[in-house]
Amino acid sequence: MAARRISSLFSRSFTSLSAKSFTGKSSGLGRATCRYSTAALSIEEPIAPAVEVNHTQLLINGQFVNAASGKTFPTLDPRSGDVIAHVAEGDAEDINRAVSAARKAFDEGPWPKMPAYERSKILWRFADLLEKHNDELATLEAWDSGKPYEQAAQIEVPMITRLIRYYAGWADKIHGLTVPSDGQYHVQTLHEPVGVAGQIIPWNFPLLMFAWKIGPALACGNSVVLKTAEQTPLSALYAARLLHEAGLPPGVLNVISGFGPTAGAALASHMEVDKLAFTGSTATGQAVLGLSAKSNLKRVTLELGGKSPFIICEDADVDHAVEQAHFALFFNQGQCCCAGSRTYVHERVYDEFVEKAKARAMKRVVGDPFKGGIEQGPQIDSEQFEKIMRYIRSGVDSGATLETGGDRLGKKGFYIQPTVFSDVKDDMLIAQDEIFGPVQTILKFKDLGDVVKRANSSHYGLAAGVFTQNIDTANTLTRALRVGTVWVNCYDIFDAAIPFGGYKMSGQGREKGIYSLQNYLQVKAVVTPLKNPSWL
């Protein structure tokens, strides 16, 4: 399948319907007053989602059960802050129950002993069910996370369906090697499943991360205990039910909703978990790695934060670069680990780019995720909302020019105006920290040596974008940038076969593609003497 371009659905222009003015702090470069208009904001009473929430319990050993403590917690609608449902709150005791079920399923159950082709068929049936229930999954995802329904229904759920089919295809193609030796020995390697895999997923792409984690783990024959993010537990529970409907044996996949300090920490430190995969913030990733090391030295893969440079060279197609830079930053409300959040623009095209980037942000359509044509919904919750607003205030206070946005939208929910800063310097917090919101920062550079040094100065190294019409420039930058993915004249091109992961403090290991299988396999060497061999 050709690589899927997430941006294709959202590369539109919309008519601005309202305008306001904002007097921002002068940077000393001639832009003291910033005027902005918000685009077609439709924040009225939230539209009622066309789905019922039927799964709010923990999934342990193939059954939906209450938490051992009997506790629940509310999952909230980001459009209003209202409660969607009360979900079982798993803690250490529930993690113990889930790990015991996963251990028994791996040690005694049929899954790892099942012919690989039979595992493949179950995953294929699961993909068919995902396709059949596309709209319900997308509705739960949009309701719980605030992302546009069209994004979930037309892009994300089809992507996870494709990814599960990709790993279904891998299930019966995992094998070892025959290795020549210097003596009379037959040497082979076996690629064996690791065992019980613990997996912790984030709130920004709940279903995608669910699929990225369980796909390779199950294809390799492992059992899984997966903890959802407390902000977005609903879609993974629904998808897990479909996987059991497809024929997954009990105990192979267990899903626990709960909080990081209790359920997450218990999973990371559990002595019967053989491998851990985590996606989330760098700070939490460091804690997870520490807990894993202090317990049983379980193998850990981490997909963490980013502050990805988006580099626009002097020969770039500016209009195309503006649109792609806008998408690279604002997609998913800016809540994307690989967001192009440091926009470096060559000084010769800087002013033109800033004006066009500002105009594009002012046309962005913000509103209820269930309304057609919406590009941006609310942020996930009040905590994230307040964090983003603090960064916006920091940008103004540090002397960056606020070109547009900078305030909340509406009185209800967690909506933020699409925000653009120019005259940004590398030492400003908005240029260094992962904001994780709809805030574009535009910096100026002089030459390739200058921008490479500045782009690589970050602690992060997840992704980068390069926009140029010169192949030599593209080759220079793609090799010089210390990141896990470089998109050239495009951005956010994802495919099941394309590996994804970071350098430096953006993580370790790779998701997706053939490389992800290595995370869930052990390599065993088997050596047997040969007597009077005809050949060696």
Side-chain angles (χ1 to χ4, degrees), residues 1 3-6 123 127 130 155-171 174 193-194 197-220 222 224-229 232 235-236 239 253 267-268 274-282 284-285 288-289 292 298-306 308 331-332 335-339 434 460-464 482-487 491-521:
M1 183 188 79
R4 183 178 294 276
R5 183 178 180 179
I6 295 179
L123 292 175
L130 290 172
I155 301 296
E156 293 184 18
V157 179
M159 283 180 71
I160 72 166
T161 302
R162 172 65 180 96
L163 184 132
I164 294 299
R165 286 177 176 145
Y166 173 84
Y167 284 114
W170 264 115
I174 297 169
V194 170
Q199 301 178 329
I200 302 174
I201 61 173
W203 49 259
N204 57 334
F205 292 99
L207 272 175
L208 273 174
M209 296 301 102
F210 173 84
W212 283 21
K213 294 292 187 288
I214 70 163
L218 297 181
C220 292
N222 299 281
V224 172
V225 177
L226 181 141
K227 192 197 89 67
T228 58
T232 53
S235 58
L253 173 63
L267 186 58
D274 301 300
K275 185 263 181 297
L276 192 78
F278 171 82
T279 296
S281 72
T282 295
T284 306
V288 163
L289 190 61
S292 299
K298 59 180 66 65
R299 297 165 59 181
V300 179
T301 51
L302 302 169
E303 197 266 281
L304 306 176
S308 300
F331 175 65
N332 206 52
Q335 298 169 154
C336 187
C337 56
C338 61
E434 186 179 34
Y460 298 112
L462 192 53
R482 298 187 61 210
V483 298
T485 300
V486 180
W487 288 292
Y491 208 84
D492 277 350
I493 306 300
F494 287 95
D495 185 279
I498 300 175
F500 184 78
Y503 288 20
K504 300 184 282 185
M505 293 184 75
S506 287
Q508 55 191 36
R510 292 295 179 268
E511 307 270 13
K512 301 192 293 120
I514 188 173
Y515 297 95
S516 65
L517 299 173
Q518 299 170 7
N519 301 331
Y520 296 97
L521 293 169

| query | Can you list the residues that meet the side-chain contact (heavy atoms from CB on, under 4.5 Å) rule with Thr284, with sequence neighbours excluded? | reply | Phe278, Ser281, Val288
| task | Taking all heavy atoms of Ile164 and all of Ala127, pick out the closest pair and write down the distance. | result | CG2-CB, 4.0 Å
| Separation of Leu276 CG from Arg299 CZ (nearest 0.5 Å) | 12.0 Å
| request: Take Asn519 and Arg510 through the test side-chain contact (heavy atoms from CB on, under 4.5 Å) and record every step on the way to the result. | output: CA-CA 8 Å; Asn519 301 331; Arg510 292 295 179 268; 5.6 Å; no
| note | Between Cys220 and Tyr520, the two heavy atoms sitting closest are CB-O, 3.8 Å
| message | Does any part of the side chain of Thr279, heavy atoms only, come nearer than 4.5 Å to the side chain of Glu511, both counted from C-beta? | response | yes
| query | Can you tell if the side chain of Thr161 reaches within under 4.5 Å of the side chain of Arg165, non-hydrogen atoms only? | reply | yes
| note | When rounded to the nearest 0.5 Å, the distance separating CZ of Arg482 from CG of Leu462 is 14.0 Å
| Gap between atom CE of Met505 and atom CG of Leu302 - 0.5 Å precision | 10.5 Å
| request: Quick one: do Val483 and Ser308 satisfy side-chain contact (heavy atoms from CB on, under 4.5 Å)? Show the steps, please. | output: CA-CA 8 Å; Val483 298; Ser308 300; over 6 Å; no
| task | Taking the side chain as every heavy atom from C-beta outward, state whether Tyr167 and Leu517 have any pair of such atoms under 4.5 Å apart. | result | yes
| query | What class does the angle between the rings of Trp487 and Tyr491 fall in, given that below 30° is parallel, 30 to 60° is tilted and above 60° is perpendicular? | reply | tilted
| Are any of the side-chain heavy atoms of Lys213 and Ile200 separated by less than 4.5 Å? | no
| note | Scanning both residues in full, the closest heavy-atom pair of Asn222 with Val194 reads OD1-N, 2.8 Å
| task | Report yes or no: does Ser506 contribute a side-chain atom to a donor-acceptor pair with the main-chain N or O of Gly305 at less than 3.5 Å? | result | yes
| task | Output the distance between atom CG (Leu123) and atom CG (Leu163), rounded to the nearest 0.5 Å. | result | 10.5 Å
Result block: side-chain N/O donor-acceptor pairs under 3.5 angstrom for residues 203-212, not counting sequence neighbours:
{"residue": "Asn204", "atom": "ND2", "partner": "Gln335", "partner atom": "O", "Å": "3.2"}

| Considering all heavy atoms of both residues, which atom of Val224 and which atom of Ala217 are nearest to each other, and what is their separation? | CG2-CB, 3.8 Å
| query | What residues form a side chain to side chain donor-acceptor pair (under 3.5 Å) with Lys512, not counting sequence neighbours? | reply | none
| query | Where do Asp274 and Lys298 come nearest, in terms of heavy atoms and distance? | reply | O-CB, 3.6 Å
| remark: Taken to the nearest 0.5 Å, the spacing of Glu303 CD from Gln508 CD works out to 12.0 Å
| request: Would you give the length of the straight line joining atom OG of Ser516 to atom CH2 of Trp170, rounded to the nearest 0.5 angstrom? | output: 9.0 Å
| Which heavy atom of Cys338 sits nearest a heavy atom of Phe500, and at what distance? | CB-CZ, 3.9 Å
